[in-house]
Engineer: 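The structure's right below; bear with me while I get my questions together.
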There are 2 protein chains.
Amino acid sequence: MQNSFTEENYLKIIHALSGRDGGEVSTNALAESTATRAASVTDMLRKLAEKGLINYKKYQGVTLTEQGEKVAIKVIRKHRLWEVFLVEKLGFGWDEVHDIAEELEHIPSEVLVEKLDTFLGHPKFDPHGDPIPDAKGNLTEPDYKVLTDVQIGEKVRMMGVLDHAPSFLQHLDRSGIKLGSIIQVKEINEYDKSASVQIDGGESLFISLEVSKNLLVQRR
Amino acid sequence: MQNSFTEENYLKIIHALSGRDGGEVSTNALAESTATRAASVTDMLRKLAEKGLINYKKYQGVTLTEQGEKVAIKVIRKHRLWEVFLVEKLGFGWDEVHDIAEELEHIPSEVLVEKLDTFLGHPKFDPHGDPIPDAKGNLTEPDYKVLTDVQIGEKVRMMGVLDHAPSFLQHLDRSGIKLGSIIQVKEINEYDKSASVQIDGGESLFISLEVSKNLLVQRR
DNA sequence: TAAAAAATTTAGACTAGGCTAAATTTTTTT
DNA sequence: AAAAAAATTTAGCCTAGTCTAAATTTTTTA
């Protein structure tokens, strides 16, 4: 049996919200992420539970079943592959692709996904640095750290973002920060935790705590 | 105001069924093409008429308004561009792409279509030889003729198909007939109108009337 | 040209997804 | 450990798109 566009979205969002530990997701959190009301979420949860895609007991929050997890990961794989296509092949900016990929991710066809993957050269990461699940559904989240956890003087490599909002990505563009950039933390302002950093050995700039919190980096 | 997936499909089908003359399309014809019942078609026609996309008077059949025509042609443009992508870039066969393009054609985003068009090198025809409308919505149907109208001895170039069914396209594959092939009509059997033809100066083969009727060709 | 057949529309109902308001359960505060 | 607050579910309703059965209009045929 096929899952609808809407069902796939719920599963994807439950996956995202339950984090690496696979913890329970609340009705209200889902209502916010799906931009619907809690009552509507409850209805959908009953339905997904009936299909065996989630574990749901009234008032207890939900987790994905193994089957639901599978579906969610397939959707994520498609989303991220399409993002690579849009950026690498069509020339979109990394700040422009989310909404379009949100549509493309629901196009059904296993063979389409695999041919797209081959065409793109089996990329391992999407344009935001997020890992792309393989065809078997294995998704290994690399354990990057957030820039706020980097010591003064340390040099790290920018590997991804936590916030995917266009405005944030555009801000990074204007700051010259992109995937792969080497970031050296020069100084941290005690008062507001803003940081002075040097990008790719070039000029220094200040970045706010808000920005630091959304940058994923890796020690080199 | 945005048109739904379903509305776009109706407009596309009305366009296809009203032919080059833009003649009226009947409720029953639409019911058959949309795989729904006549009563459902009537409901949708009322709705499309209200939106100013079709000219509809009860019991009279429908035609597209200028606005409806525009929408239909945009959908056709997207469909055909995606087909080119699927065949040229992803390596699908021409018999495999229809259903997938049927989904992709409804992905909204003007800029996506234009970037796709550029990526593909502004193709003028899709993998079945159908013309691709330009970005302004100009669609010029080349006036090919059907193979049944070709005289014995004539050499023509295969330019397109009328039937897009996978089984028909696969039959052509097995016969070695593809877009651009040179077809010379050697003989026509009076009894069943089957023809003996030579493909690209190679070996001769018989093709049934059914096949001839669905091959679009051009005098050279 | 009237009767029969075919095509089309209307009426009433259903499913997916969503909403508001009210009821219920869980959690947090005194 | 009550009372208050927050979260969640239930009840009843709505829209898009579809369906069946019945009614109506158009077309065909005798």
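Because the structure is predicted, anything quoted here is derived from the model rather than measured. Just so it is clear: chains get the letters A, B, ... in the order the sequence lines come, proteins before strands, and each one is counted from 1.
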Engineer: How many angstroms lie between atom CG of B:L30 and atom CE of B:M44, to the nearest 0.5 angstrom?
Structural biologist: 11.0 Å
Engineer: Any Lys/Arg nitrogen of B:E96 or A:K115 sitting under 4.0 Å from an Asp/Glu carboxylate oxygen of the other?
Structural biologist: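 Salt bridge flag = no for A:K115 with B:E96.
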Engineer: Regarding A:E24 and A:K57, does a basic nitrogen lie under 4.0 Å from an acidic carboxylate oxygen?
Structural biologist: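 No, this pair does not count.
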Engineer: Between B:Y56 and C:dT8, is there a contact of a side-chain N or O with OP1 or OP2 at under 4.0 Å?
Structural biologist: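 No, because none of the side-chain N or O atoms of B:Y56 sits under 4.0 Å from OP1 or OP2 of C:dT8.
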Engineer: With a cut-off of less than 4.0 Å, is there a side-chain N or O of B:N28 near OP1 or OP2 of C:dT8?
Structural biologist: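 It does, given that an N or O in the side chain of B:N28 lies less than 4.0 Å from OP1 or OP2 of C:dT8.
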Engineer: Between B:R37 (CZ) and C:dA7 (P), how many Å, whole number?
Structural biologist: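 In whole Å, C:dA7 P lies 14 Å from B:R37 CZ.
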Engineer: From the set D:dT9, D:dT18, C:dT9, return the single nucleotide nearest to any side-chain atom of A:A38.
Structural biologist: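 Selected nucleotide (nearest to the side chain): D:dT9.
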Engineer: Looking at B:T27, does any N or O in its side chain come under 4.0 Å of the phosphate oxygens OP1/OP2 on C:dT9?
Structural biologist: yes
Engineer: Whole Å only: how far is the CD atom of A:E7 from the C1' atom of C:dT15?
Structural biologist: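 So the two atoms are 12 Å apart, to the nearest Å.
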Engineer: Looking only at side-chain atoms of A:T6, point me to the closest of C:dT20, C:dG18, C:dT9.
Structural biologist: C:dG18
Engineer: Using whole Å, report how far CD of A:Q60 lies from C1' of D:dT9.
Structural biologist: 13 Å
Engineer: Looking for any heavy atom pair under 4.0 Å, which part of the strands does B:F5 touch: base, sugar-phosphate only, or nothing?
Structural biologist: nothing
Engineer: Does the side chain of B:Y59 get closer than 4.0 angstrom to OP1 or OP2 of C:dT10 through an N or O atom?
Structural biologist: no
Engineer: Quick check for you: among C:dG18, C:dT9, D:dA11, whose closest atom lies nearest to any side-chain atom of A:M44?
Structural biologist: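 Nearest listed nucleotide: C:dG18.
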Engineer: In whole angstrom, what separates B:N3's CG from D:dA16's P?
Structural biologist: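 It is 13 Å, rounded to the nearest whole Å.
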Engineer: Under the 3.5 angstrom rule, does the side chain of A:T65 hit a backbone N or O of A:G52 as a donor-acceptor pair?
Structural biologist: yes
Engineer: Run the salt-bridge test on B:E8 and B:K74 with the 4.0 Å N-O cut-off and return the result as yes or no.
Structural biologist: no
Engineer: Separation of A:K57 atom NZ from C:dT25 atom P, in whole Å?
Structural biologist: 17 Å
Engineer: What is the distance, to the nearest angstrom, from the CD atom on B:E50 to the C1' atom on D:dT15?
Structural biologist: 14 Å
Engineer: Would you indicate, yes or no, if D:dT24 has its OP1 or OP2 atom less than 4.0 angstrom from a side-chain nitrogen or oxygen of B:K58?
Structural biologist: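 No, because none of the side-chain N or O atoms of B:K58 sits under 4.0 Å from OP1 or OP2 of D:dT24.
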Engineer: Using heavy-atom distances to pick each residue's nearest nucleotide on DNA chain C, tell me which of B:S40 and A:D43 is more 5'.
Structural biologist: B:S40
Engineer: B:E32 has an atom CD; how far is it from atom C1' of C:dA6, in whole Å?
Structural biologist: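 Going from CD in B:E32 over to C1' in C:dA6 covers 15 Å.
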Engineer: Would you kindly give the CZ-to-P distance between B:R46 and D:dT15, to the nearest whole Å?
Structural biologist: 13 Å
